[in-house]
Amino acid sequence: QGIQEPWSSDAATNPQKEQSSAAIQKVVSPESYIKHPLQNKWALWFFKNDKSKTWQANLRLISKFDTVEDFWALYNHIQLSSNLMSGCDYSLFKDGIEPMWEDEQNRRGGRWLITLSKQQRKADLDRFWLETLLCLVGEAFDDHSDDVCGAVINIRAKGDKIAIWTTDYENKEAITHIGRVYKERLGVPPKVIIGYQSHADTATKSGSTTKNKFVA
């Protein structure tokens, strides 16, 4: 079953938090209070698959942040992806872009998709997702980070998926650069192929697989 809610209830008994509050009580220089701004403001969304509700009613905005410190505060407060129930998603998108194909910024875009085996949920899932988040908030794709809209993790019984969404599936230069850097950051072996698919193809697919527009 896993945990139903994305935030953890044991925040109060978190030893790390107790340590950090003890540290704060020591004399601290004013510089310690200055947060480190991120280049973009980001929004974290949670999707819980309740069949009695519409897709949009199942999608909830958890929080927005625009500093390094607020990112970690949020990340440390929510459940790890591997603890979520099957059918749940987390999505991290730039503020103002909704985590759905129909959004104006996503409509002509696509995604680099990592499909994990069931065994990888334990071994790789949480590490891959954190690395994905760090790629986004840290603008890891150089000038092509502007093409990034967000990232989604799908927890599914038949195999979890992680994807980075970009805004324009025809922008080959940006897409190939993002794919190459992303694969490197995750430590995916060179012989393992990851594919990029346009949302339009994914939305209209009749078979079980969408054709790859690009590979890395």
Side-chain angles (χ1 to χ4, degrees), residues 5-12 14 16-17 19-21 23-24 28-48 56 58-81 83-84 88-112 114 125-155 162-168 171 174-175 177-179 181-182 184-186 199:
E5 293 296 348
W7 36 87
S8 89
S9 55
D10 63 348
N14 184 332
Q16 284 178 314
K17 293 201 173 162
Q19 282 173 356
S20 62
S21 61
I24 288 164
V28 230
S29 62
E31 288 79 43
S32 310
Y33 294 117
I34 299 166
K35 292 183 177 181
H36 298 81
L38 297 168
Q39 206 163 315
N40 281 289
K41 188 173 190 176
W42 297 86
L44 183 72
W45 302 75
F46 177 66
F47 178 86
K48 184 178 174 184
Q56 280 187 294
N58 278 324
L59 185 66
R60 306 211 305 262
L61 174 64
I62 297 179
S63 187
K64 295 182 181 186
F65 60 87
D66 58 6
T67 69
V68 174
E69 290 77 5
D70 291 339
F71 163 73
W72 285 113
L74 176 60
Y75 180 80
N76 291 328
H77 188 60
I78 58 173
Q79 285 296 343
L80 288 172
S81 305
N83 290 338
L84 295 177
C88 290
D89 303 337
Y90 279 134
S91 302
L92 182 78
F93 275 73
K94 286 175 179 166
D95 187 28
I97 306 178
E98 295 202 320
M100 53 187 75
W101 293 337
E102 297 86 351
D103 189 283
E104 190 54 38
Q105 297 289 317
N106 296 326
R107 223 158 41 87
R108 288 173 298 279
R111 60 181 182 167
W112 278 110
I114 308 276
L125 184 74
D126 294 325
R127 182 170 61 84
F128 277 12
W129 178 236
L130 176 56
E131 195 57 53
T132 304
L133 297 177
L134 295 175
C135 281
L136 265 60
V137 301
E139 311 288 333
F141 308 111
D142 310 305
D143 296 345
H144 299 302
S145 287
D146 287 349
D147 266 54
V148 171
C149 297
V152 182
I153 186 167
N154 310 118
I155 305 305
I162 299 177
I164 286 185
W165 287 27
T166 75
T167 193
D168 180 0
N171 192 349
I175 291 165
H177 179 81
I178 290 165
V181 172
Y182 185 40
E184 219 168 81
R185 286 280 297 257
L186 292 184
H199 296 317

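What you see is a predicted model, and the numbers here were worked out from it, not measured in a lab.
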Do you know which two heavy atoms are closest between Ala151 and Phe93, and how far apart they sit? O-CE1, 3.7 Å

Is there a donor-acceptor pair closer than 3.5 Å between any side-chain N or O of Asp147 and the backbone N or O of Asp168? no

Nearest heavy-atom approach of Trp45 to Ile97 is NE1-O, 4.3 Å

Could you list the residues that satisfy side chain to side chain contact (heavy atoms under 4.5 Å, CB included) with Lys64, not counting sequence neighbours? Lys41, Ala43, Leu61, Asp95

Atom CD of Glu69: over 12 foreign heavy atoms under 6.0 Å: yes

Minimum heavy-atom distance Leu133-Leu92, with the two atoms named: CD2-CD2, 3.7 Å

Is a side-chain N or O of Trp112 found less than 3.5 angstrom from the main chain of Ile175, in a donor-acceptor match? yes

Main chain of Gln105, side chain of Thr167: is a donor-acceptor contact present, judged purely on distance under 3.5 Å? yes

Please find the pair of heavy atoms, one from Val152 and one from Trp129, that lie closest to each other, and give the distance. C-CZ3, 3.8 Å

Below 30° counts as parallel, above 60° as perpendicular, anything between as tilted: where do the rings of Phe71 and Phe65 land? tilted

For Ser63, give me all partners under side chain to side chain contact (heavy atoms under 4.5 Å, CB included), at least two apart in sequence or on another chain. Leu74

Tell me whether the rings of His144 and His177 are parallel (<30°), tilted (30 to 60°) or perpendicular (>60°). tilted

At what distance, to the nearest 0.5 angstrom, does CZ of Arg127 lie from OG1 of Thr132? 10.5 Å

Excluding sequence neighbours, so at least two apart, what forms side-chain hydrogen bond (donor to acceptor under 3.5 Å, both in side chains) with His199? Trp101

Work out which heavy atom in Asp126 is nearest to a heavy atom in Tyr75; give both atom names and the distance. O-OH, 4.3 Å

Using modelled atom types only, decide if a donor and an acceptor are shared between the side chain of Asp70 and the backbone of Asp66 within a distance under 3.5 Å. no

